[in-house]
Structure formats: structure tokens, C-alpha cells
Amino acid sequence: MHSFGYRANSLLTFAVTILAFMCAIVSFSFSNQTPSAQIQILNINWFQKQPHGNDEVSLTLNITADLQSLFTWNTKQVFAFVAAEYKTSKNSLNQVSLWDAIIPEKEHAKFWIQISNKYRFIDQGYNLRRKDFNLTLHWHVMPKTGKMFADKIVMSGYSLPDAYR
Amino acid sequence: MGWIGETVDSIKSIKIRQLLTQAVTLGMIVTSALIIWKALMCVTGTESPVVVVLSGSMEPGFQRGDILFLRMTKEPIRTGEIVVFNIDGRDIPIVHRAIEVHERKTTGEVDVLTKGDNNDVDDIGLYADGQMWLHRHHIMGRAVGFLPYVGWVTIIMTEKPIIKYILIGALGLLVITSKD
């Protein structure tokens, strides 16, 4: 019972158990999180019905956000993305991601960016004319170890024009 | 000759009892591991509560060799969730993020499009021929927690099976030769 093998074995088991416990515990450390964001649609670049019958629209967005309060010592990166949410007659919810970015450090988390949509905004059908939609900024906090958190800010009041252009 | 026969008999009887005890102990260890695994499957609601990240398509968030903890609830799939899914015809599960979701009003079923964070294009190329969307039955779970580096053990054992055999051989040897 006192050989080197037994002692090394129980020491190792104990150390691994404590390490696993600590990795799990870090998920419970919350900090004061007050992120903010604003999105403006600067321009509707074009709005067409594609040959396969689905509407597609291209937008230029102006995104301002401050996600610095989401970063803690355990944060590896924050994945932020902007999605358009709207209802149609066939679908109770449509969510289309328009832009995303990986924020690796706190310094990069306060930003202002003006881009056209990174991913194509295509509907399942041709329901987008005069459509009201929300723009949501989601963030997904990916930790160095432990539980991942996600949340969003919903901004409403955006709409698409009546006619194709 | 008598005492040789006696010694052989006593050696045989000790060995059998010891062997049986060791076999039962080993059996107990294996079955309790199985019980824990099945219980985890019940609690998390998914067939594989823990997966290892095999590709670099979600870097820098998930590196190859990380372990993900999954959960599957009845809540609908929404964009931004990291989902693990199987494509018909492939047996390796893929871990990517949902970037587009369309939910049918009548049935509540969802069409989901996914993309790896580190990929330039969405996953349409990965889906089966003619498949444009993922549905709920393709998705095994959502990633909720994460442990770095621990999955390398599984990757090494899968890619170099020799190490698996050496490990099991060594463990077997340890069990047989230990006096407990």
C-alpha cells in the first residue's frame, strides 16, 4: 500500500479530479455584462427575384457595437453575428445571418463597421416586398474552458421596399 | 510425490479464486462505466453527450482535440447555436454553427443551414446530393460546454490503433499481475 506506484496513482487521480472540478466551476463566475449595439441600414443595394423563384436582397449595413463587458479572464473569443428575423405566410420564423465576426480580444470588441451583407439574404419564396423585419445582434461567448453563453439584442423597425429595384 | 501434488493443488486453488475475483472486479468497473455513460445519455437527451472536435473548421474557437459537451432539448433550433449533425451516408458527426433557420408555421419543423466559423462557404457542399437544408432528425445535439485538449487521447487512439492495443495490453497486464 505504500509503494511508489500506489502513491503516484492516487495523487494523479486526485489531481485530475480537482482539475476537472475547477474547469467545471469556472462556468459559474458571472460578471456585469452590459453590451450595446446599433445597426443602421444605409442602403438597399438591390432587390430582385432570382431565376429559381426566391427573393434576394443586398443591403449595406452600418454596425456599431460595444461588447467589451463580455470579456473575462476565461474568454477565448466572442463570436458576434447580425441576423435578420421576419415572418412569412408559410414560415412562422425566418432567421438569416447577414454578417459575422470573431472577436479574439477585448480591445477589438468596441467597433464600428460599414459593410454589405457577407451572406446572401435569400427568402424561401418571394415574400420580401414590403416586409418588416428585425435585426438582431447575437453574441456567443466561447470560454477557454467550461460553459458557453449566448445572448442577443433585438432591434426592430426595419423594412424592405414595396418593389424590386 | 505427495507434497508436489499438494503444492500444485494449493497453487491451482489460489489462482482460481484470485482470477475470479479479479474478473468480477474488472466486470464491475466496465459495467459502472457503461451505467454512467447511459445515464449521461438520458440526462443530456442526446445519443452522444460528448464529442471530440476532429477538424479545424471552427477555429479559433474549437481546435482539433477539444471536447464538446452536448445537450438536446425540445426547444427549436435557432441561428447562432453550435450544432452537431450527421449527414446520411457519413458516420462522422460535424460540428458547425447554424446560420439560417426557417420554421414552418404549420408543422413547427425547421430548415437549417450551417457553416463552420473558419470556412468561407456554407455547408451545402457537405450535405447529401440534392439536400438543401438540415432537419431536426439530422441534428444530434447543441454544444453547451467545452474542455480543451482532452480529446487528443481519442484522436491518437483512432489514428494509430497500435497505441490502443498497447494501452489495453498494458492495462490487462496490470490487472493480472496486481495482488489485490
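The sequence lines fix the lettering, A, B, ..., with proteins before strands; numbering per chain opens at 1.
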Counting only non-hydrogen atoms closer than 4.5 Å, does [X] touch chain A with its backbone (N, CA, C, O), its side chain (CB onward), both, or neither?
X: Ala143(B); result: both
X: Asp66(B); result: side chain
X: Glu109(B); result: neither
X: Val101(B); result: both
X: Pro60(B); result: both

More than 12 heavy atoms of other residues, nucleotides or ligands under 6.0 Å from [atom1] of [X]: is that the case?
X: Arg104(B); atom1: CZ; result: yes
X: Lys110(A); atom1: NZ; result: no
X: Lys160(B); atom1: NZ; result: no
X: Leu20(B); atom1: CG; result: yes
X: Gln48(A); atom1: CD; result: yes
X: Tyr164(A); atom1: OH; result: yes

Take Phe81(A) and Thr79(B) through the test side-chain contact (heavy atoms from CB on, under 4.5 Å) and record every step on the way to the result. CA-CA 9 Å; Phe81(A) 68 96; Thr79(B) 44; 3.9 Å; yes
What heavy-atom pair brings Glu100(B) and Ile122(A) nearest, and what distance separates the two atoms? OE2-O, 3.9 Å
Under 4.5 Å between side-chain heavy atoms, counting indirect links through other Ile/Leu/Val/Met/Phe/Trp/Tyr residues: same cluster for [X] and [Y] or not?
X: Val153(B); Y: Leu54(B); answer: no
X: Val84(B); Y: Ile87(B); answer: no
X: Val112(B); Y: Ile99(B); answer: yes
X: Met142(A); Y: Phe69(B); answer: no
X: Val95(B); Y: Ile139(B); answer: no

Indicate yes or no: at least one non-hydrogen side-chain atom of [X] is less than 4.5 angstrom from one of [Y].
X: Met148(A); Y: Arg142(B); answer: no
X: His102(B); Y: Val96(A); answer: yes
X: Asn91(A); Y: Glu103(B); answer: no
X: Phe79(A); Y: Arg97(B); answer: yes
X: Arg78(B); Y: His138(A); answer: no

Where does [X] contact chain B at under 4.5 Å (heavy atoms): side chain, backbone, both or neither?
X: Lys144(A); result: backbone
X: Ile102(A); result: side chain
X: Thr88(A); result: backbone

Considering only heavy atoms and a distance below 4.5 Å, find which of Pro143(A), Ala150(A), Ala83(A) pairs most often with chain B. Pro143(A)
Just so I understand: if I count every heavy-atom pair under 4.5 Å between each of Gln124(A), Gln77(A), Lys90(A) and chain B, which residue has the most? Gln124(A)
Per-residue tally against chain A (heavy atom, under 4.5 Å) across Leu147(B), Leu113(B), Val144(B), Ile67(B) peaks at Val144(B)
Chi angles and distances behind the side-chain contact (heavy atoms from CB on, under 4.5 Å) call for Phe146(B), Lys76(A): CA-CA 11 Å; Phe146(B) 155 87; Lys76(A) 183 194 283 196; 3.3 Å; yes
